[in-house]
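Sequence lines set the chain letters: A, B, ... in the order given, protein chains first and strands last, and positions in each chain run from 1. What you see is a predicted model, and the numbers here were worked out from it, not measured in a lab.
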Number of protein chains: 2
Amino acid sequence: MKIYRSYSAGQAIVWGGDPMEFVASVVSGTATISRTMEDGRAQTLGLLLPSDFIGRPGRDYAPYDVTAVTDVVICSFRRRPFEQIIDEMPHIAQRLLEMSLDELDAARDWMLLLGRKTAREKIASFLCLVARRSNDAKAGKVPPALTVNLPLTREAISEFLGLTLETVSRQFSNLKRDGAIVLSGKRTVEIPDYPALLAEAGDDPEPED
Amino acid sequence: MKIYRSYSAGQAIVWGGDPMEFVASVVSGTATISRTMEDGRAQTLGLLLPSDFIGRPGRDYAPYDVTAVTDVVICSFRRRPFEQIIDEMPHIAQRLLEMSLDELDAARDWMLLLGRKTAREKIASFLCLVARRSNDAKAGKVPPALTVNLPLTREAISEFLGLTLETVSRQFSNLKRDGAIVLSGKRTVEIPDYPALLAEAGDDPEPED
DNA sequence: CGGCAGTTTGACCAACATCAAGTTGGGTGG
DNA sequence: CCACCCAACTTGATGTTGGTCAAACTGCCG
């Protein structure tokens with residue numbers, strides 16, 4: 001019923017269009033949800049970090065690719081029994097509704113980024129997103145200065161932001177030149193002033209709850 | 001409990017950030033969901049056509065603006081009683097889950113468009129979207145040739161596609177020059193060959209279900 | 001000590017944005 | 001019924017951002 005599976009970095013977890021045998025949740029590692037056009041242009045639609053859910057109850061075919069970007073472990077359930085549980089336990093459907101509304105909000109925020117933000121704003125937004133998500137678990141509030149470890153290559157970042165990898169690299173260099181970030185190694189970014197970076201992202205300041 | 005409300009073209013139905021007193025469904029007309037940055041850049045996140053749902057059970061504040069683009073009539077319910085109904089009738093939560101998963105798919109398709117498609121492909125995609133949606137109700141399948149009435153101005157289209165209104169206008173002219181569309185009046189578009197336009201959009205051909 | 005994937009940087013170019021006139025056509029008041 | 005008006009639209013000239021192509025650099029792993 002409940003099976004752990006491992007994938008190594010770069011491996012496909014789900015192929016878009018394939019029948020979907022299972023739903024799952026990410027235990028460790030990072031994966032992406034993406035769609036690819038016939039000519040190879042690809043857009044990453046979301047990041048999957050530990051505790052995120054993979055799959056769509058009620059859908060027979062996967063609409064997107066899911067790819068492991070680091071080594072990934074997931075905990076999977078066969079889809080049919082899972083759907084039966086939903087039918088029997090109404091509050092689970094409500095929980096899933098909550099989750100899909102959250103995903104919808106995230107997708108729509110990303111639409112604003114893709115449609116209207118400049119390359120520099122996209123990079124700043126991305127760094128803020130990763131900073132927020134990798135600190136959420138630890139504390140309720142994002143500290144003003146912090147260090148984040150990027151799970152993605154420049155190319156994967158470019159697919160997430162609707163840019164080319166060269167533009168991503170250039171904007172990293174620009175933000176570094178301007179002191180907004182400090183690069184220590186290719187995958188580690190120090191953010192000396194998180195609110196300042198958020199301002200670079202063109203976002204509303206975060207709610208103070 | 002159930003109240004009909006009317007809005008004239010251009011009027012705000014919901015302001016982003018405001019408390020959300022009601023949920024509703026569109027009875028007639030066209031509205032948009034959008035987000036705006038402080039400096040005025042705006043991105044439309046979705047179209048609301050008759051039968052579409054407005055609002056988020058379980059959310060106190062509206063995350064987006066909803067604006068009438070034509071005269072609109074909605075049928076609204078106060079939110080609290082509506083949420084109680086969800087708690088009592090589990091299959092409604094499941095229906096809402098279905099709907100929000102559909103919206104999530106639509107949002108993600110649009111992310112691919114915003115991040116990766118050219119201006120020409122964006123226009124073609126938009127026309128195909130409108131063609132499909134205004135014909136869905138009438139028949140299961142999209143006919144090869146058809147005429148659609150655009151509810152949106154060029155500016156509203158540009159906000160939906162992440163372009164400027166001038167680029168939208170130019171690409172309309174290009175598609176017309178190339179025979180992919182025929183413009184009869186500013187708001188009416190004939191599509192002589194829907195599959196060909198879909199190919200221009202860079203999309204997979206539609207499933208033959 | 002290579003080899004190679006990932007990255008950075010540079011030079012150049014194309015697509016789209018911006019700025020600026022014109023044009024169209026539907027609605028209104030005379 | 002006509003003439004005018006104005007918002008919506010089209011088209012042109014020019015500018016800028018980010019894409020493309022190409023070359024060199026880094027650092028990790030065998």
Check the distance between [N]'s [atom2] and [X]'s [atom1] and give it to me in whole angstrom.
X: B:K117; N: C:dA15; atom1: NZ; atom2: P; value: 18 Å
X: B:I123; N: C:dA15; atom1: CD1; atom2: P; value: 16 Å
X: A:E159; N: C:dT7; atom1: CD; atom2: P; value: 13 Å
X: B:L150; N: D:dA8; atom1: CG; atom2: P; value: 15 Å
X: B:R41; N: C:dT18; atom1: CZ; atom2: C1'; value: 15 Å
X: A:L161; N: D:dG19; atom1: CG; atom2: P; value: 10 Å
X: B:L183; N: C:dG25; atom1: CG; atom2: P; value: 11 Å
X: A:I157; N: C:dT8; atom1: CD1; atom2: C1'; value: 14 Å

Taking only residues two or more places apart in sequence, or in another chain, which ones meet [X] in a side-chain contact (heavy atoms from CB on, under 4.5 Å)?
X: B:D71; answer: B:S8, B:A9
X: A:R80; answer: A:D60, A:E83
X: B:R187; answer: B:N149, B:T153

Item to check | Residue pairs passing the side-chain hydrogen bond (donor to acceptor under 3.5 Å, both in side chains) test where at least one lies in residues 103-116 of chain B, sequence neighbours excluded | outcome: A:R35-B:D109, A:R56-B:D105, A:R59-B:D105, A:Y64-B:D105, A:E103-B:R108, A:R108-B:E103
As an exercise, state the distance from [atom1] of [X] to [atom2] of [Y], rounded to the nearest 0.5 Å.
X: B:F172; Y: B:L183; atom1: CZ; atom2: CG; result: 7.0 Å
X: B:Q171; Y: B:I181; atom1: CD; atom2: CD1; result: 10.0 Å
X: A:I123; Y: A:I157; atom1: CD1; atom2: CD1; result: 6.5 Å

Next on the checklist: Checking contacts here: which listed nucleotide (C:dC16, D:dG18, C:dG6) is nearest the side-chain heavy atoms of A:L163?
Outcome noted: D:dG18
Checklist entry - Which of the following nucleotides, D:dA8, D:dG18, C:dT8, is nearest to the side chain of A:R154? => result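 Nearest to the side-chain atoms of A:R154, counting from C-beta on, is C:dT8.
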Please enumerate all residues that pass side chain to side chain donor-acceptor pair (under 3.5 Å) together with [X], with sequence neighbours excluded.
X: B:S100; answer: A:S100
X: B:D203; answer: B:K117
X: B:T30; answer: none

Checklist entry - Across the strands shown, which category fits A:R187 at heavy-atom distances under 4.0 angstrom: base, sugar-phosphate, nothing? => result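 Sugar-phosphate contact only - A:R187 comes under 4.0 Å of backbone atoms but never of a base.
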Next on the checklist: Does A:G10 reach a base, just sugar-phosphate, or nothing at all? Heavy atoms under 4.0 Å.
Outcome noted: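 The residue A:G10 makes no contact with any strand.
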Next on the checklist: Which residues pass the salt bridge (charged side-chain N to carboxylate O under 4.0 Å, His left out) test with A:R154, not counting sequence neighbours?
Outcome noted: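 Applying salt bridge (charged side-chain N to carboxylate O under 4.0 Å, His left out) to A:R154 gives none.
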Checklist entry - At what angle, to 10 degrees, do the two end axes of the helix from C:dC1-D:dG30 to C:dG30-D:dC1 meet, given five pairs define each axis? => result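 Here the local axes at opposite ends form an angle of 30°.
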Next on the checklist: Generate the contact string for nucleotides 25-30 of chain D. Rules: B means base contact, S means sugar-phosphate contact only, - means no protein heavy atom under 4.0 Å.
Outcome noted: ------
Next on the checklist: Can you list, in residue-number order, the parts of residues 164-179 of chain B that come under 4.0 Å of DNA chain D, counting heavy atoms only?
Outcome noted: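 B:L165, B:E166, B:S169, B:R170, B:S173, in order of number.
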Checklist entry - By ring-ring contact (aromatic ring centres under 6.0 Å, His included), which residues pair with B:Y61, not counting sequence neighbours? => result none
